[in-house]
Each structure stands twice: as C-alpha cells, then as structure tokens.
Amino acid sequence: MLQQTRVPVVVDYYSRWMARWPTVHSLAAATQEEVNEMWAGLGYYRRARFLLEGAKQIIEKGEFPRTASELRRVRGIGDYTAGAIASIAFNEVVPVVDGNVVRVISRLYAIPDNPKESSTVKRFWELTGELVDPSRPGDFNQAMMELGATLCSKTKPGCSQCPVSSHCQALTLSSQNTSLQVTDFPRVVPKAKPRCDFAAVCVVQIAHALDQGVTCTMDMDNLFLLIKRPEEGLLAGLWEFPSVLVSEGKTDAMNRRKEMDKYLRQLLSIDVKRRSSVILREDVGQYVHIFSHIRLTMFVELMILNLEDDAKQLCKEGQDSTKLRFIDENAVESMGLTSGIRKVYNMVKAFKDKRLKEQSQVTTRKRGRGLK
DNA sequence: CACCCGTGGAC
DNA sequence: TGTCCAAGGGT
C-alpha cells in the first residue's frame with residue numbers, strides 16, 4: 001500500500017484491509033472483486049491485484065519466503081519491498097533504496113548523476129549496502145528512510161541538526177561553493193507532460209415503469225448502469241459509468257452523443273433511442289481528472305430512461321453481470337468506485353438536487369396562484 | 001530504457 | 001492554481 005503512497009493516505013485502508021484479511025490464507029481466499037472494492041480510491045490498482053496474486057503464490061509455495069531473493073519472486077514485490085520485509089521482519093542484512101534513501105545517499109556522497117538512470121540506481125544500492133548495520137539491518141533501513149522523510153527533506157533540509165552532517169559531501173560542497181546547495185541533490189530530472197484525453201461519460205439511470213416525469217428522478221429505487229473496465233490498462237477491472245474516449249476535435253455535444261449512442265447500443269444490445277422513452281437527457285458539465293500521466297477531460301451527461309418492458313427484458317438477458325450491472329443509488333454510494341468516477345457521481349447528484357429544488361419552487365408558485 | 005499505472009497532501 | 005512526488009513494480 002505504501003508504494004508511492006504516503007502514510008496518512010494509507011492508514012485507514014490498511015486498518016480495514018487487515019481487519020478483513022488478517023492472514024495470507026484469508027487474503028488468498030478473497031476474490032478480485034472484493035479486493036478491488038477494498039482498494040477503491042487508493043490508486044495504482046495493480047497493487048491490489050498483485051497482492052492477491054502474491055498471497056496465492058505464497059499459499060501455493062506452502063511457506064512464507066524469508067529472504068530478499070525469495071521474496072523478490074513474489075508478484076508485486078520488487079527490490080525495495082523484498083529488502084524491506086527481509087530486513088525488518090527477518091533481520092536479513094540487506095539494504096533498501098526508496099525515494100528517501102536516494103535523497104540521503106545522493107547528498108551524503110554528492111552524486112550529481114541522474115538518479116533514475118539504472119547505473120546510478122545500482123550505485124545507490126551498492127553504497128547503501130556498505131552502510132547497513134549487520135546487527136540491526138531493519139532498524140538501520142527504517143532510520144535511513146526516516147532521515148530522508150524528516151531532516152533530510154526535499155526543500156528544507158535541517159542540516160544543523162543532522163546526525164550525519166559531518167559526513168555529508170553535499171553540505172561540504174555547499175559551504176565551499178556558494179552556487180551549489182544541498183537541495184541540488186538529487187538532480188532533478190524533467191518528466192514528460194501528461195497527455196490529454198477526452199471522454200464522453202453518460203450516467204444512465206433506468207427509472208421505474210411507474211415513475212413518469214422528472215419528479216421521480218430522486219427515487220432511491222432507480223437504477224444506475226455501471227460497466228466493468230477491461231482487465232488490463234488504466235483502472236483495470238474497476239466499475240465506471242459508460243464512457244467512450246473521443247478525439248480532441250470531436251468533443252462537441254453532437255459528436256459526443258453520437259459516439260455514446262453507438263456505444264450504448266452495442267452495450268445493451270438494443271437501440272436505446274427507439275426502445276425507451278427518454279425522460280431526461282442533459283449535459284451536467286465537465287470534470288478534469290488528473291492522473292499521473294493523463295489529463296482526462298470528462299464530459300458528463302445524465303440520461304434518465306424509461307425502458308419498454310420488452311427492452312428491459314432484453315437488457316437483462318443481454319447483460320453479462322460480470323461486465324454490466326444495474327445498481328441502485330444506495331449500492332452505488334457504498335460500492336468501491338475510483339475517485340474520478342465518484343466525483344462524476346457527486347456532480348450528477350448535485351445536478352439532480354438542483355433540478356428538484358427548481359421544480360419544487362415552480363410547483364410552489366403554481367400552487368400559490370391557484371389559491372388566489 | 002521508456003513508459004505505464006492513481007491519488008492526494010504539501011508547498 | 002500549479003507543480004511535485006510519495007515506504008515502486010511491471011512490461
């Protein structure tokens with residue numbers, strides 16, 4: 001959980017996770033779906049899949065791996081995690097190199113090289129390996145990480161209080177050369193700008209047959225259509241509202257609806273337009289979700305349908321419940337959604353609330369006139 | 001080696 | 001408001 005994720009973000013997830021799956025055995029018996037739901041909102045969802053795979057691997061093996069090289073073979077465990085478990089849990093004398101250690105080491109040895117380059121990474125591991133305290137490798141590794149996380153911070157290092165400042169070559173250099181500072185280490189490497197994607201998102205709500213008219217759109221029994229994303233790639237295997245990527249030049253309302261209609265037709269095996277009465281279809285707004293490598297602009301629309309009975313039946317028959325589900329409002333709010341999809345849902349909900357308020361005002365005014 | 005894969009807190 | 005990046009790993 002802590003891979004590329006800060007402790008404060010993780011703690012609650014960790015508690016819930018460990019309460020539900022306290023042992024490797026119990027986790028190995030869980031389903032991918034359960035694991036996804038528990039992980040929802042934490043990001044880097046492959047970690048959840050790998051953790052489940054890893055647990056199964058270990059059960060298959062029959063014993064928990066106790067050395068870094070054995071741990072390294074488990075799914076989702078790389079050099080860092082293998083070293084951390086081996087040293088902290090089993091006292092193996094091996095180093096760990098995470099983002100914090102990279103900062104500490106690159107300053108201690110005044111390493112000007114690109115910290116992402118493999119040769120430099122190799123050097124970090126070698127240098128840290130020379131320093132590990134053989135009697136307390138776990139404590140040493142945690143101390144190195146803690147030093148990097150606190151005193152030896154990225155922008156404001158507390159060199160005056162640092163217990164190893166007398167060994168720090170970056171500090172020495174900075175005192176000799178005014179143009180060079182401790183914070184120049186590790187070298188900053190420019191990263192690629194995120195690409196821009198555009199998506200049409202349609203929150204499809206199936207109204208009850210009895211519920212005619214917009215006044216019923218807040219009915220708790222109304223169903224939302226959710227789709228399971230492909231098992232590979234971005235947000236793999238997670239649930240979302242029907243979405244289609246559109247090219248940058250075709251983000252206008254007409255093109256978006258055209259693409260969405262095509263998608264829904266294929267998805268539900270029916271022609272939505274012909275087999276339903278559209279109670280409401282309206283643009284809700286757009287939301288820009290920032291991933292680490294993608295800037296995704298989502299154009300959100302709300303569509304409330306009243307399907308003909310036979311079309312509803314077709315939907316049920318045509319739907320593969322492992323890829324497509326109709327879920328009521330309560331369940332949507334309690335289920336595991338990605339943070340972007342949750343944002344979209346809240347947007348739509350606010351939109352409906354506003355609509356309902358406007359409508360009740362209209363009703364009140366009408367009633368007022370009637371009484372006169 | 002370059003790129004893919006989320007999220008939110010800090011500054 | 002924008003930028004950075006965290007207890008990284010896989011392909």
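Every chain is numbered from 1 and lettered A, B, ... according to where its sequence line falls, protein lines coming before strand lines. The figures here come from the full heavy-atom set of this structure, side chains too, leaving out hydrogens, waters and symmetry mates. A quick note: this is a predicted structure, and the numbers were derived from the prediction, not measured.
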Parallel, tilted or perpendicular: ring planes of A/W17 versus A/W39, cut at 30 and 60 degrees: perpendicular
Nucleotide nearest A/K154 (side chain, heavy atoms from C-beta), chosen from C/dC4, B/dC5, C/dA7: C/dC4
Side-chain N or O of A/T81 closer than 4.0 Å to phosphate OP1/OP2 of C/dG9: yes
Earlier contact from the 5' end, DNA chain C, for A/L2 and A/V74: A/L2
Pairwise 5' ranking along DNA chain B for A/L42 and A/T155, keeping only the more 5' one: A/L42
Rounded distance (Å) that lies between atom P of B/dC1 and atom CG of A/N114: 9 Å
A/H293 vs B/dC4: side-chain N/O to OP1/OP2 distance below 4.0 Å: no
side-chain N/O A/Y45 vs B/dT7 OP1/OP2, d < 4.0 Å: yes
Atom-to-atom span, OH of A/Y44 to P of C/dC5 - whole angstrom: 13 Å
Phosphate-side-chain proximity, A/Q3 and C/dA7, N/O vs OP1/OP2 below 4.0 Å: no
Spacing of the C1' atoms in B/dA2 and C/dA7 (rounded, Å): 24 Å
Stretch residues 115-151 of chain A: residues that reach within less than 4.0 Å of DNA chain C through a heavy atom: A/M145
Interatomic distance, A/I88 CD1 vs C/dA7 P [rounded to whole Å]: 13 Å
Whether A/T5 side chain and A/Q3 backbone form a donor-acceptor pair below 3.5 Å: yes
Sugar-phosphate, base or nothing in reach of A/I290, heavy atoms under 4.0 Å: base
Distance below 4.0 Å between A/R103 side-chain N/O and C/dC5 OP1 or OP2: no
A/R73 atom CZ: more than 12 heavy-atom contacts under 6.0 Å: no
Short side-chain N/O contact to C/dT11 OP1/OP2 from A/R75, under 4.0 Å: yes
Distance below 4.0 Å between A/H289 side-chain N/O and B/dT7 OP1 or OP2: yes
Side chain A/S339 and base B/dG6 donor-acceptor under 3.5 Å: no
A/R187 side chain to A/P112 backbone, donor-acceptor under 3.5 Å: yes
Whether A/D328 side chain and A/N330 backbone form a donor-acceptor pair below 3.5 Å: yes
Within 6.0 angstrom of A/R16 CZ, more than 12 heavy atoms from elsewhere: yes
Sub-6.0 Å ring centroid separation between A/Y345 and A/F224: yes
C1' spacing across the pair B/dC5 / C/dA6, given as an integer number of angstrom: 15 Å
Euclidean distance, atom CZ of residue A/R47 to atom C1' of C/dG9 [Å, nearest integer]: 10 Å
Length of the line joining A/R195:CZ and B/dA2:P, which is rounded to integer Å: 18 Å
Lys/Arg-Asp/Glu bridge criterion (N-O < 4.0 Å) met for A/E282, A/R355: yes
Atom-pair distance (CG on A/D79; P on C/dA7), nearest Å: 18 Å
Interatomic distance, A/L296 CG vs B/dT7 C1' [rounded to whole Å]: 14 Å
Distance in angstrom units between A/M1 CE and C/dA6 C1', rounded: 16 Å
Side-chain N or O of A/Q4 closer than 4.0 Å to phosphate OP1/OP2 of C/dG8: yes
Closest to side chain of A/R46, choosing from B/dG6, C/dG9, C/dA7: C/dG9
Spacing of CG belonging to A/L302 relative to CE belonging to A/M347, to within rounding of 0.5 Å: 10.5 Å
Nearest to side-chain heavy atoms of A/K191, which nucleotide of C/dG8, B/dG6, C/dC5: C/dC5
